[in-house]
Amino acid sequence: MTIHLYNTLLREKQIFEPIDAGNVRMYVCGPTVYDYAHIGNARPVVCFDVLYRLLRHVYGESHVTYVRNITDIDDKIMAAAEKTGESIESITARTAGWYHDDMAALGALPPDREPRATEFVPQMVKLIEQLIAKGFAYEAEKHVLFNVPAMQDYGQLSKRSLDDMIAGARVDVAPYKKHPADFTLWKPSAENQVGWPSPWGRGRPGWHIECSAMSGEILGQVFDIHAGGIDLIFPHHENEIAQSRCAHGSAVMAKYWLHNGFVQVNGQKMSKSLGNFFTVHELLEEGFRGEAIRLALLSAHYRQPIDITREGIQDAKAQLDRFYRALAMVSDLAVEAAPTDHVLAAIADDLNTPLALSELHELVTKLNKATSQAEKKVAKAALLGGAKLLGILWQDPAKWLQSGGSADDAAVIEAQIAARLAARKAKNFAEADRIRDDLAARGILLEDSSSGTTWRRA
RNA sequence: GGCCCGGUGGCAGAGUGGCCAUGCAGAGGACUGCAAAUCCUCGUACGUCGGUUCGAUUCCGGCCCGGGCCUCCA
């Protein structure tokens, strides 16, 4: 199976060729933990989870290393700590826990390694020392800055020239910078702020250096895939590349750079600064299922912008209902899940999840139409195989269809169904329909079939 | 100002130089005591103006509209 991925570095789709097929290495920029994750934060997690699943499928589960960091030191965290008086450790432990819970609810596999910035400060210091030694960084007023003009081909990822950046500069340039584009590697901390000792005094790392340090340490100086949101192309990823390549003297940092499009609300970017976001946590609290949120996120191609709405999640839930209804009909058939070539090819073609999903729908139709056990087994195996790559349909069908909603006890519902059955046998259809309507009013839908009556929640 | 994405049927959303996406919603039919579910059938979709072509939604160019990055941001 040939995997094609759109590489931001070249702005084109490329055949994916791992550096070492025995250990395919991917790094995804993780969250800064100071608050609940919003849907926009969840998108790269879900999209690149599909990539992780694909790579594991193609190269084998033990031949892929997925690293996703946690940024647990940052000015926003410090600001939150100062505001509430809660310690940084306490804030990051709590919010990282929320993050784990929410991403698990979305069916995202945990990464193989989840390094935290605070655990890698010595490596960051070492990297900065190397950059200074090689003339790519300089110290100024207790800061250490990356010397952008020293790098010949800076700007490859974002396709920006130094001139462009000066022309478009919207920021006040700090007086100690030699060049406006120079960025911070290390900055001083005040006495009351967290800090680490360094050759340049007590301080803390700049934003970009942690990813260079952690990816270099865990995945090596050059690895396969680096991914994140489209807004990270500049400056974050551009600067990571500058740091890592200049420190290591390597031609590339990662071979393939992948970027997911934005989650939007009414056609506008969802972001904390705009205040138009909703969190995964609050959607789960409202009763939306994590799997439905996941499917909503996967219903558009990962590089396209996507408008996430409650209606959209509801639509995704309806699709899952269709899948689970079909699976519930064949729950007694044991199969070995294996994706069809079509589904696999769709996902391998730069993660075309909407196309894969449409294939899954056709498999459901096939499954519903199947008359022989053999046909049903083939369709079920294919459906589950594709679903596994997408990270959906992992639940027990009956549980999916019957859980959630009101607190009606299953035994009570079964009793009602029995009463209705008796009424039907006695041809008392008025009573039978009354029971059915009564249940429907409570969100319980009945379905009669030759094999009996089943129920599900609306 | 520089760089970069989009505009597909009522909605969501793939894709393709000539024929089917798919799901939801809608119409009709089969099945059902009636429903639900399921299956079958259906709807002159590709922003706009030109160009290339036997033929363009798909390639090229202009225009209009929307969005993003250039500052923290997934």
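Below, chains carry the letters A, B, ... as their sequence lines are ordered, and counting in each starts from 1.
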Next on the checklist: Categorize A:V28 for me: base, sugar-phosphate, or nothing, with a 4.0 angstrom heavy-atom threshold over every strand shown.
Outcome noted: nothing
Checklist entry - When we call it a touch if two heavy atoms are under 4.0 Å apart, what does A:Q304 touch: a base, just sugar-phosphate, or nothing? => result sugar-phosphate
Next on the checklist: Distance check needed: B:rA74 P versus A:L106 CG, whole Å only.
Outcome noted: 16 Å
Checklist entry - Taking the side chain from A:D224 and the backbone from A:M26, do they hold a donor-acceptor pair closer than 3.5 Å? => result no
Next on the checklist: Using the C1' atom as the point on both nucleotides, what is the distance between B:rC11 and B:rC64, in whole Å?
Outcome noted: 24 Å
Checklist entry - What is the nucleic acid contact for A:I233, judged by heavy atoms within less than 4.0 Å: base, sugar-phosphate only, or nothing? => result nothing
Next on the checklist: Applying a 4.0 Å non-hydrogen cut-off, can you work out what A:M329 is touching in the nucleic acid: base, sugar-phosphate, or nothing?
Outcome noted: nothing
Checklist entry - Looking across every strand, which nucleic acid part, if any, lies under 4.0 Å from A:N260 by heavy atom: base, sugar-phosphate, or nothing? => result base
Next on the checklist: So A:R11, base contact, sugar-phosphate only, or nothing? Heavy-atom distance under 4.0 Å.
Outcome noted: sugar-phosphate
Checklist entry - Within the structure shown, what part of the strands sits under 4.0 Å from A:K427 by heavy-atom distance: base, sugar-phosphate, or nothing? => result nothing
Checklist entry - Only one of A:E210, A:R68, A:H226 forms a side-chain contact (heavy atoms from CB on, under 4.5 Å) with A:C29, so which one is it? => result A:H226
Next on the checklist: With rounding to the closest Å, how many angstrom separate the C1' atoms on B:rA45 and B:rA14?
Outcome noted: 13 Å
Next on the checklist: If you take any heavy atom closer than 4.0 Å to RNA chain B, which residues from residues 271-286 of chain A end up in contact?
Outcome noted: none
Next on the checklist: Applying a 4.0 Å non-hydrogen cut-off, can you work out what A:G267 is touching in the nucleic acid: base, sugar-phosphate, or nothing?
Outcome noted: sugar-phosphate
Next on the checklist: What contact category does A:S158 fall into here, base, sugar-phosphate, or nothing, at under 4.0 angstrom with non-hydrogen atoms?
Outcome noted: sugar-phosphate
Checklist entry - Can you tell me if A:D321 and A:W400 form a side-chain donor-acceptor pair at under 3.5 Å? => result yes
Next on the checklist: Tell me if the side-chain of A:R43 makes a donor-acceptor pair with the base of B:rA74, cut-off 3.5 Å, by modelled atom types.
Outcome noted: no
Checklist outcome for this item: For RNA chain B, the expected dot-bracket line (Watson-Crick or G-U under 3.5 Å, [ ] crossing, | inter-strand) is (((((((..(((.....[...))).(((((.......)))))....(((((..]....))))))))))))....
Checklist entry - Taking atom C1' of B:rA36 as reference, at what distance in whole Å does atom CG of A:N368 sit? => result 14 Å
Checklist entry - Closest nucleotide of RNA chain B for A:A300 versus for A:R420: which of these residues is on the 5' side? => result A:A300
Please write out the pairs of protein N or O atoms and N or O atoms of nucleotides 15-26 of chain B separated by less than 3.5 Å, giving the distance to one decimal.
{"residue": "B:rG15", "atom": "OP1", "partner": "A:N352", "partner atom": "ND2", "Å": "3.2"}

Next on the checklist: Expressed as a whole number of angstroms, how long is the span from A:D182:CG to B:rC70:C1'?
Outcome noted: 16 Å
